[in-house]
Amino acid sequence: GLFGSGDTWMSLGRTLARQRPVALVDLPNHGASPWTDSARYTDMALHLDLTLEDIARTCGRRRLALLGHSMGGKLAMQLALMNGRRSADQGSANGAYELSSLIVADIAPKAYPPGHTEYFETMSDLPLNELQTRGDADRMMASRIPEKLLRAFLLKNLAKDENGNFRWKLNLPLLISDYPHILGWDGEGLSSIPALFLRGERSDYVSLPRDGDVIRSLFPSARIETIGGAGHWLHAEQPESVIRAIQGFLEE
């Protein structure tokens with residue numbers, strides 16, 4: 001998701017890896033992935049498509065299941081729809097892989113109101129050249145972002161360069177400029193692959209029944225499950241329930 005990286009799913013990834021190979025993929029402009037000139041879903045999906053081709057070749061597996069949370073879920077949906085159109089045009093998937101299933105965590109294929117502006121501004125205003133430790137950054141951000149766990153999540157993006165100076169790993173200027181596109185949704189088409197949509201019971205990101213109708217208009221085979229006691233960060237708040245839902249879906 002936005003501001004996240006592969007290690008956000010490290011614990012759940014290890015659990016899932018007991019049954020199957022698992023790759024944790026950083027979004028473009030996040031984590032260890034390259035910076036690009038666009039954070040639009042159609043452009044990011046092309047990068048993800050190439051990454052999945054590499055993963056398929058490395059693992060020796062053609063059929064891949066794709067899981068994404070929040071912004072990563074929108075990207076996963078975008079790629080599934082693109083692959084669906086490509087398969088329809090070509091009669092079958094001719095690439096190095098095909099998506100066997102899709103799992104989307106707490107996001108719907110729709111536009112959302114802005115909700116991250118304070119995070120962007122706080123991170124942008126942080127005087128990186130004055131930092132001696134990560135604790136300095138945490139203290140400077142505390143007055144504007146009082147939630148300690150949220151600050152810790154955002155500060156996972158803080159790293160040191162080869163000269164020992166702090167820098168942001170994520171492409172903050174691009175994410176800010178393309179934020180309207182990140183909030184939006186312009187995916188279209190139809191994907192018939194099996195799909196599981198997980199929503200947090202206490203989250204307002206996926207509202208039923210309205211968003212369920214939108215989801216099934218693009219993914220007719222979609223199943224929607226609610227994770228009890230969870231908000232938007234359902235995999236961190238209720239990891240065992242999320243694992244059970246994912247494993248049950250993949251083992252069908």
Side-chain angles (χ1 to χ4, degrees), residues 1-14 17 22-55 57-59 66-76 78-79 105 114-183 232-233 235-236:
L2 183 61
F3 304 113
S5 60
D7 64 2
T8 307
W9 284 81
M10 184 66 73
S11 177
L12 273 71
R14 287 196 179 106
V22 172
L24 302 178
V25 180
D26 289 347
L27 291 171
N29 305 293
H30 288 71
S33 286
W35 287 14
T36 67
D37 58 2
S38 170
R40 300 187 182 204
Y41 292 107
T42 49
D43 296 324
M44 289 193 292
L46 297 176
H47 292 282
L48 180 58
D49 185 53
L50 294 175
T51 299
L52 295 185
E53 286 189 1
D54 288 340
I55 290 172
R57 293 190 183 98
T58 301
C59 295
L66 181 61
L67 185 158
H69 169 249
S70 198
M71 176 184 174
K74 277 192 172 182
L75 176 54
Q78 179 72 56
L79 182 60
H116 308 87
T117 304
E118 183 64 25
Y119 309 154
F120 280 130
E121 292 179 351
T122 301
M123 295 169 76
S124 297
D125 291 344
L126 193 68
L128 299 179
N129 60 333
E130 297 178 14
L131 301 180
Q132 297 297 318
T133 66
R134 189 178 297 268
D136 292 340
D138 185 62
R139 285 187 291 273
M140 290 180 182
M141 293 173 64
S143 62
R144 298 173 65 174
I145 302 178
E147 301 90 347
K148 186 173 181 59
L149 289 178
L150 177 56
R151 293 198 309 274
F153 170 68
L154 295 175
L155 286 172
K156 282 180 173 289
N157 292 289
L158 196 62
K160 286 188 174 182
D161 62 21
E162 61 275 9
N163 297 316
N165 300 315
F166 280 103
R167 64 175 181 85
W168 291 115
K169 290 189 289 186
L170 78 178
N171 190 346
L172 202 55
L174 176 70
L175 295 176
I176 292 172
S177 65
D178 274 4
Y179 186 50
H181 301 289
I182 292 170
L183 291 172
H232 185 56
W233 299 97
H235 53 295

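Listed for the Asn29 side chain is no donor-acceptor partner under 3.5 Å among the backbone atoms of Asn171. Proximity of a side-chain donor or acceptor of His181 to a complementary backbone N or O of Tyr179 within less than 3.5 Å is not detected.
Ring-plane geometry between Phe153 and Phe3 is classed as perpendicular, the angle between the planes exceeding 60 degrees on a 0 to 90 degree scale with a lower cut at 30. Note on ring orientation: taking the six-membered ring where Trp is involved, the planes of His69 and Trp233 are tilted (angle from 30° to 60°).
At most 12 heavy atoms of other shown residues, nucleotides or ligands fall within 6.0 angstrom of atom CG in Asp37.
Atom CD1 of Ile176 is separated from atom CG of Leu174 by 9.5 Å, given to the nearest 0.5 angstrom. The CG atom of Asp43 sits 9.5 Å away from atom CD of Gln78, with the distance rounded to the nearest 0.5 Å. Here the OH atom belonging to Tyr41 is positioned 10.0 Å from the CG atom belonging to Asp178, to the nearest 0.5 angstrom. Residue Leu52 holds its CG atom at 11.0 Å from OG1 of Thr58, rounded to the nearest 0.5 Å. Taken to the nearest 0.5 Å, the CG atom of Leu149 stands 12.5 Å off from the CD1 atom of Ile145. Rounding to the nearest 0.5 Å places SG of Cys59 at 12.5 Å from CZ of Arg57.
Between Phe166 and Arg134 the shortest heavy-atom distance is CZ-N, 3.8 Å. Closest of all the heavy-atom pairs between Val22 and Gly13 is CG2-O, 3.9 Å. Summarising the geometry of Gly6 relative to Leu24, their closest heavy-atom pair is O-CD1, 3.3 Å, with the distance given to 0.1 Å. Across Ala23 and Ile55, no two heavy atoms sit closer than the pair CB-CD1, 3.8 Å. The shortest heavy-atom contact between Gly31 and Ser5 is CA-CB, 4.1 Å. The two residues Ala39 and Leu175 make their nearest non-hydrogen contact at CB-CD2, 4.2 Å.
Annotation: side chain of Met140 is in contact with side chain of Pro127 (closest heavy-atom distance under 4.5 Å). Side-chain atoms of Met44 and Thr36, non-hydrogen and from C-beta on, never get closer than 4.5 Å to each other. The shortest side-chain heavy-atom distance between Ser70 and Leu2 does not fall under the 4.5 Å cut-off. The shortest side-chain heavy-atom distance between Ile182 and Met71 falls under the 4.5 Å cut-off. Looking at Thr117 and Glu121, their side chains come closer than 4.5 Å, going by heavy atoms from C-beta outward. Looking at Asp125 and Arg144, their side chains come closer than 4.5 Å, going by heavy atoms from C-beta outward. Here the side chains of Leu154 and Thr122 are not in contact, with every heavy-atom distance at 4.5 Å or above. Looking at Leu27 and Leu170, their side chains never come closer than 4.5 Å, going by heavy atoms from C-beta outward.
For residues 146-170, the side chain to side chain donor-acceptor pair (under 3.5 Å) pairs, not counting sequence neighbours, are Asp138-Arg151.
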